[in-house]
Amino acid sequence: MPSFLRSRLESHLAFIYPEHDSVALTDAMIAAFWPEGGKARPRNKGRLTNQPPWSQRDTVLITYGNSLIDGKTAPVALLQDFLDTHLDGSVNSVHVLPFFPYTSDDGFAVVDYYSVNPDVGDWKHLQRLGRRYRMMADLVLNHVSSASLWFKQYLRGESPGNEFFVEVDPAIDLSAVVRPRPHPLLRKVETANGERHVWCTFSEDQVDLNFANPEMLIEFLRIMRFHIDRGVRTIRLDAVAFVWKEIGTNCIHLPQTHEIVRLMRTLADYAEVPLLLITETNVPNMENLSYFGNRNEAHAVYNFSFPPLVVHALLSGDATALNRWQMTMPPAPAGCFYFNFVASHDGIGLRPAEGLLPDEEIAKMIDAVEAFGGAVSLRAMPDGTYRPYEMNIALFDAFQGKIDGTPDEWRRVRFLCSQTIMMALEGIPAFYIHSLLATPNDHDRRASTGHNRSLNRHQWDYDALTERLSNPGSEQAIVLGELKRQVEIRIAQKAFHPNATQFTLQLGEGLFGVWRQSIDREQSIFAIHNVTDRLITLPLVSLNLIRGETWTDLLNGEEIDAEIGSALELQPYQCVWLANKAG
């Protein structure tokens with residue numbers, strides 16, 4: 001064990017658990033992450049931040065393990081067939097959302113972190129997938145299912161579960177606690193020790209875990225090791241912002257929470273495999289960025305403010321807020337990157353738009369989404385009122401029309417524009433499977449589950465989907481084909497490296513544009529996107545197109561006349577990637 005590594009771990013643990021023996025805790029942590037007799041051994045040196053294991057060739061698919069079903073084959077096997085058949089050469093990473101046995105929230109109320117839900121497949125299926133694609137898996141840190149062995153032990157007063165949950169006297173004032181949901185924070189339960197009230201941030205079935213007990217953290221390091229040994233190479237720290245509780249605070253982003261992420265980053269840096277950490281913190285922008293730390297926390301953060309801002313820009317035809325936000329965004333620190341997405345298994349978060357969009361604009365956007373068949377989920381405020389937390393809708397349906405809620409003929413190109421913008425940004429793009437497949441709202445699933453998020457969690461019959469993809473005129477074939485084409489263009493361009501230079505262009509409210517330059521400064525790309533339903537003429541003097549070089553729109557192959565006085569005409573929702581040289 002390298003002495004520097006041991007010293008760093010002791011420092012992390014002394015901060016998190018000052019009343020415990022940090023030397024003994026370090027021994028326990030090392031034994032959990034690098035158990036004796038295992039094949040894994042820590043590296044002698046940590047990985048260098050200037051040699052990251054990512055490039056412009058990285059593209060991520062986000063999906064549930066059973067988004068594709070046929071009633072006969074393990075869904076994860078169908079997922080691999082879909083990837084191999086339709087996304088070969090385009091996608092090299094896949095985020096399989098919680099594949100464990102669960103009781104609610106489509107997997108995020110985990111019963112057993114060491115097992116695979118048989119409705120998805122088994123470890124062999126996942127390991128096979130992980131051998132071909134970089135696999136991201138969820139470490140659901142904050143809470144566990146009320147049907148888990150740990151919680152059953154807690155109710156019976158048995159070890160170790162009896163020390164794994166947060167008990168609170170309901171008379172204590174908890175009004176300062178930040179709430180992502182409208183239900184009561186505490187749940188009354190009967191235990192072997194009498195009536196108790198346990199902390200439940202997200203739902204009564206998702207009982208929060210007690211990380212003030214170091215044995216809880218040690219157990220999650222064992223879980224991490226178990227998953228790494230089965231092919232997981234990117235670990236998503238779900239709901240990590242809430243893991244540490246301290247009465248009298250807001251119980252979000254507390255210093256101990258950040259130190260836990262730092263400890264995990266240290267383990268990742270010395271892991272024998274290139275292991276990445278990504279934090280899932282659906283919060284206002286600056287709070288989200290705090291999880292980069294000083295280049296010593298997450299390798300990546302979800303770019304949560306981007307989805308509501310790009311949806312607003314395309315519905316309103318006004319990119320002012322999107323431009324203003326992007327101008328203020330710092331480049332990701334060395335050894336880190338942004339995880340860019342527009343749609344995911346969750347809704348389009350509205351907390352990340354706080355301070356970036358006026359309340360009246362958020363209200364207009366919500367009205368439009370509801371007119372297009374979507375819904376809005378709420379969160380509780382300290383004063384007992386409720387505020388919008390997220391918009392729930394299939395992204396393809398969110399772009400049916402403009403912000404007045406009237407459908408028009410531009411849905412497909414408006415939707416494609418949102419994905420093209422995402423691909424141009426600094427960072428790595430991630431596509432939700434239902435965006436790639438132009439999946440509409442699933443109202444039947446929402447009605448059966450009673451949950452708004454089910455609108456965007458459709459399960460495709462794989463045979464029916466295959467039939468649609470074989471029909472070149474179907475929305476599924478058109479959208480998947482165009483996005484695959486754009487991804488294949490993108491991954492060949494050095495200027496789209498996740499850490500390549502980015503500068504936000506000021507081209508007026510109807511356009512969103514960024515300039516990207518490759519790390520070696522050889523390639524420049526001007527990515528310009530019309531967010532309106534009207535023709536826009538852009539004088540090329542607005543761009544720094546170097547005369548004497550040949551500029552080509554990578555998306556349509558046309559050469560651009562860069563002479564003084566020339567102009568670029570952009571059709572409604574058209575996107576252009578002007579490059580001085582192709583990749």
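Just the heavy atoms: all of them, side chains too, but no hydrogens, waters or symmetry mates, feed the values below.
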- Result for side-chain contact (heavy atoms from CB on, under 4.5 Å) between I560 and one of V576, T550, T552, L568 points to L568

- Centres of the Y291 and H253 rings: under 6.0 Å? yes

- Item | Sidechain N-carboxylate O distance under 4.0 Å for D106, R457 | yes

- Item | Parallel, tilted or perpendicular: rings of H345 and F108 (30°, 60°) | parallel

- Message: Could you tell me if the side chain of V240 sits less than 4.5 Å from the side chain of V261, heavy atoms only?
- Response: yes

- Message: Could you go through E280 and N282, starting from their C-alpha distance and side-chain angles, then the distance that decides it, and tell me whether this counts as side chain to side chain donor-acceptor pair (under 3.5 Å)?
- Response: CA-CA 6 Å; E280 186 270 335; N282 190 357; 5.3 Å; no

- Under a 4.5 Å cut-off applied to non-hydrogen side-chain atoms, are V273 and I228 in contact? yes

- Message: Using 0.5 Å steps for rounding, measure from the OH atom of Y389 to the CZ atom of R351.
- Response: 7.5 Å

- Is it true that F341 and F431 have ring centroids separated by less than 6.0 Å? no

- Task: Considering non-hydrogen atoms only, spot the tightest contact between T281 and F304 and give its length.
- Result: O-CD1, 3.0 Å

- Task: For the pair R446 and D442, find out whether any cationic side-chain nitrogen is under 4.0 Å from an anionic carboxylate oxygen.
- Result: no

- Query: How about Y338 and F292: are their ring centroids closer than 6.0 Å?
  - Reply: yes

- Message: Is the shortest side-chain heavy-atom distance between L357 and M365 below 4.5 Å?
- Response: yes

- Item | Residues, nucleotides or ligands: over 12 heavy atoms within 6.0 Å of E467 CD | no

- Query: With a 4.5 Å heavy-atom cut-off, do V514 and L505 have their side chains touching?
  - Reply: no

- Query: Is atom CZ of R43 surrounded by more than 12 heavy atoms (other residues, nucleotides or ligands) closer than 6.0 Å?
  - Reply: yes

- Taking side chain as C-beta onward, heavy atoms only, is M224 less than 4.5 Å from I235? yes

- Query: Under 3.5 Å, is there a donor-acceptor pair linking the side chains of R516 and Q523?
  - Reply: no

- Query: For the ring pair W551 and F526, is the centre-to-centre distance below 6.0 Å?
  - Reply: yes

- Message: Could you check whether F496 and W577 have their ring centres less than 6.0 Å apart?
- Response: yes

- Message: Between H86 and K484, is there a side-chain heavy-atom distance shorter than 4.5 Å?
- Response: no

- Could you tell me whether R468 and E475 have a side-chain N and a carboxylate O separated by less than 4.0 Å? no

- Message: To check you understand the geometry: which heavy-atom pair defines the closest contact between L545 and L578, and what is its length?
- Response: CD1-CD1, 4.4 Å

- Shortest non-hydrogen contact from I478 to G473? CD1-O, 3.7 Å

- Task: In sequence, state the C-alpha distance, the side-chain angles, and the governing distance for Y270 and R47, and then conclude on side chain to side chain donor-acceptor pair (under 3.5 Å).
- Result: CA-CA 7 Å; Y270 283 86; R47 289 183 173 81; over 6 Å; no

- Salt-bridge test for R534 and E569: reply yes if a basic N is under 4.0 Å from a carboxylate O, no otherwise. no

- side chain to side chain donor-acceptor pair (under 3.5 Å) assessment of N392 paired with S377: CA-CA 7 Å; N392 303 109; S377 295; 2.7 Å; yes

- Query: Is any side-chain heavy atom of W460 closer than 4.5 Å to a side-chain heavy atom of H434?
  - Reply: yes

- Task: Give a yes or no on whether a salt bridge exists between K364 and D404, defined as a side-chain N under 4.0 angstrom from a carboxylate O.
- Result: no

- Task: Taking the six-membered ring for Trp and the single ring otherwise, decide whether the centroids of F337 and W54 are under 6.0 Å apart.
- Result: yes

- Item | Candidates K402, Q400, R414 - the one meeting side chain to side chain donor-acceptor pair (under 3.5 Å) with D408 | R414

- Under 3.5 Å, is there a donor-acceptor pair between the D84 and Y133 side chains? yes

- Task: Decide yes or no on side chain to side chain contact (heavy atoms under 4.5 Å, CB included) for H458 and R445, but give the supporting numbers first.
- Result: CA-CA 7 Å; H458 180 68; R445 187 174 178 86; 5.5 Å; no

- Student check: side-chain heavy atoms of C575 and L555 closer than 4.5 Å: yes

- Begin with the C-alpha distance, continue with both residues' side-chain angles, and end with the deciding distance and a verdict on side chain to side chain donor-acceptor pair (under 3.5 Å) for N92 and R134. CA-CA 6 Å; N92 63 357; R134 183 181 187 94; over 6 Å; no

- Salt bridge check: are R262 and E297 linked by an N-O gap of less than 4.0 Å? yes

